[in-house]
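I have placed the structure first, in the form of structure tokens, so that the comments after it can refer back to it.
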Amino acid sequence: MEKKAFVTKEKIEEIVKSYPTPFHIYDEKGIRENAKALKEAFAWNKGYKEFFAVKATPNPFLIDILREYGCGCDCSSMTELMLSNAMGVDGKDIMFSSNDTPAEEFAYAEKIGATINLDDITHIEFLENILGYLPKTLSCRFNPGGYFSLGTDIMDNPGDAKYGLTTEQMFEAFKIMKAKGVENFGIHSFLASNTVTNEYYPTLAGQLFELAVKLKEETGANIKFINLSGGVGIPYRPGQAPNDIRVIGDKVREVYEKILVPAGMGDVAIYTELGRFMMAPYGHLVTKVIHEKHTHKEYIGVDACAVNLMRPAMYGAYHHITVLGKENEACDYKYDVTGSLCENNDKFAIDRMLPKIEIGDYIAIHDTGAHGFAMGYNYNGKLKSAELLLKEDGSVQLIRRAETPKDYFATFDCFDIYKKMGF
Ligand SMILES: *Cc1c(COP(=O)(O)O)cnc(C)c1O
């Protein structure tokens, strides 16, 4: 697939008059079309629900758009639960899929009526000790171990992942929970990340559906939902074929009809907790070229850095780059595109072929709508950028202001130094 920016140079020149670079900008139209397609792809399942993985893009304005398509929230921490609750998301539309969970977070999740998804068998007792009872509905995260492969391709390595219960533990956990009065059960699993293939969900679903049938037979547990979690990916690189959510939905239906329906489990709800798939393609990090440097390599210095987008530095992740206004020029210059952190891995691109870049050019870094702004940090005293929404009518709305030095120093507000800065 060809990768095109959803903003033009002219649009950015207009936007920077109000909001200086760098900033993350999100495409409302793209978010809506994709959310609608997901909803339709799983419309065959009566109880289907997408719980958007809040950690991917914790912005209430964006989450509110998804809520129009029936999405709830999947939370991993106290602040994400607080945000979802403050947004008026009903407890039944909140999934709490955390791990190594602090006691107060379990207590708060229960208080706001969220569904709790346990990451370990010991959390049954941990939770019971906190609450004095077990909720009527509980879910467990499953980790079969080994490798997760599709055909001959190894997709990921669950055996090395800290998450979830083993197969034996799933059976034991369900027996214990049932004996302690739990009435409604859920099964959750997340076995491979950023899968760019239509086979991931159907294959995972097949494994979970078979497990569900056995769990029901052996423990008598009333299984209400199966949560396929996240992991459906996006084509970060040009030339990659995107997932087709309609095909994925149809294939999950096929396995559902093959495994669950004959077992008398045709009323089980399918849940998803997609993050990346919902948002990543619909965000750009927009940054301005402020320096060029010719030493042992050709460097382009921009006004964003890894605190605005950590994935390249952290995972060596590829993010496509468009030099705005030069979309049709030949890519015959090789650059490293860098930020200003005192870390040599602060590079958005290494040896990337791009059009000739000049100081003052605006660059769109693609696919930053999920795990982009959200992974931001403050190293080198850098401040987090604004987030903007490009609305369907072409107007732009500020959906998070940029951090200021006052925000950065706010945790010193009980000390004299804060007053000396004149805040
Ligand atoms: C991160 C995460 C997700 C979302 O993952 P994506 O790869 O963004 O789809 C969903 N569920 C859980 C439990 C997660 O930790």
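Counting starts at 1 for both ligands and their atoms, in listed order. Because only heavy atoms are used, hydrogens play no part in the values below, and waters and symmetry mates are left out as well, while side chains stay in.
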Review point. Would the His319 and Tyr236 ring centres measure less than 6.0 Å apart?
Key: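 Yes, the ring of His319 comes within the 6.0 Å limit of the ring of Tyr236, centre to centre.
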
Review point. Can we call the ring centroids of Tyr282 and Phe6 under 6.0 Å apart?
Key: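 Distance test on ring centres: not under 6.0 Å, no.
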
Exercise for review: Please work out which of the three classes, parallel, tilted or perpendicular, describes the rings of Tyr335 and Tyr333, given edges at 30° and 60°.
Suggested key: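 Correct class here is parallel.
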
Check your understanding: Does some non-hydrogen atom of His371 fall short of 4.0 Å from ligand 1?
Key ->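 For ligand 1, residue contact (heavy atoms, under 4.0 Å) with His371 is present.
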
Review point. For ligand 1, is Ser229 a contact, meaning one of its heavy atoms is under 4.0 Å away?
Key: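 Right, Ser229 reaches ligand 1.
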
Ligand 1 atoms in contact with [X] (distance to a heavy atom under 4.0 Å):
{"X": "Gly275", "value": "4 (C), 6 (P), 8 (O), 9 (O)"}
{"X": "Arg276", "value": "6 (P), 7 (O), 8 (O), 9 (O)"}
{"X": "Asp74", "value": "10 (C), 11 (N), 12 (C)"}
{"X": "Ser97", "value": "13 (C)"}

Review point. Do the side chains of Leu127 and Leu134 get nearer than 4.5 Å, heavy atoms only?
Key: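 Leu134 reaches Leu127 side chain to side chain.
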
Suppose we measure from [atom] to each protein heavy atom; which comes out shortest, and what is that distance?
{"atom": "atom 5 (O) of ligand 1", "result": "Phe190 CE1, 3.5 Å"}
{"atom": "atom 14 (C) of ligand 1", "result": "Lys55 NZ, 2.8 Å"}
{"atom": "atom 7 (O) of ligand 1", "result": "Gly231 N, 3.6 Å"}

Point to revise | Name of the residue among Leu388, Thr368, Leu389 meeting side-chain contact (heavy atoms from CB on, under 4.5 Å) with His24 | key: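 Result for side-chain contact (heavy atoms from CB on, under 4.5 Å) with His24: Thr368.
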
Review point. Are there more than 12 heavy atoms of other residues, nucleotides or ligands under 6.0 Å from atom CZ of Phe171?
Key: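 Above 12, so yes.
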
Check your understanding: Between Ala53 and ligand 1, which residue portion shows a heavy-atom distance shorter than 4.0 Å: side chain, backbone, both, or neither?
Key ->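 Ala53 to ligand 1: side-chain contact only, backbone stays beyond 4.0 Å.
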
Point to revise | Side-chain ion pair, Lys288 and Asp361, N-O less than 4.0 Å | key: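 Here Lys288 does not pair with Asp361 in a salt bridge, since their nearest N and O are not under 4.0 Å apart.
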
Check your understanding: Charged N to carboxylate O under 4.0 angstrom, Glu210 versus Lys214?
Key ->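 A salt bridge is absent here (no side-chain N lies under 4.0 Å from a carboxylate O).
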
Exercise for review: Out of Glu273, Met95, Arg141, indicate the one that has the non-hydrogen atom closest to atom 10 (C) of ligand 1.
Suggested key: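 Answer by nearest heavy atom: Glu273.
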
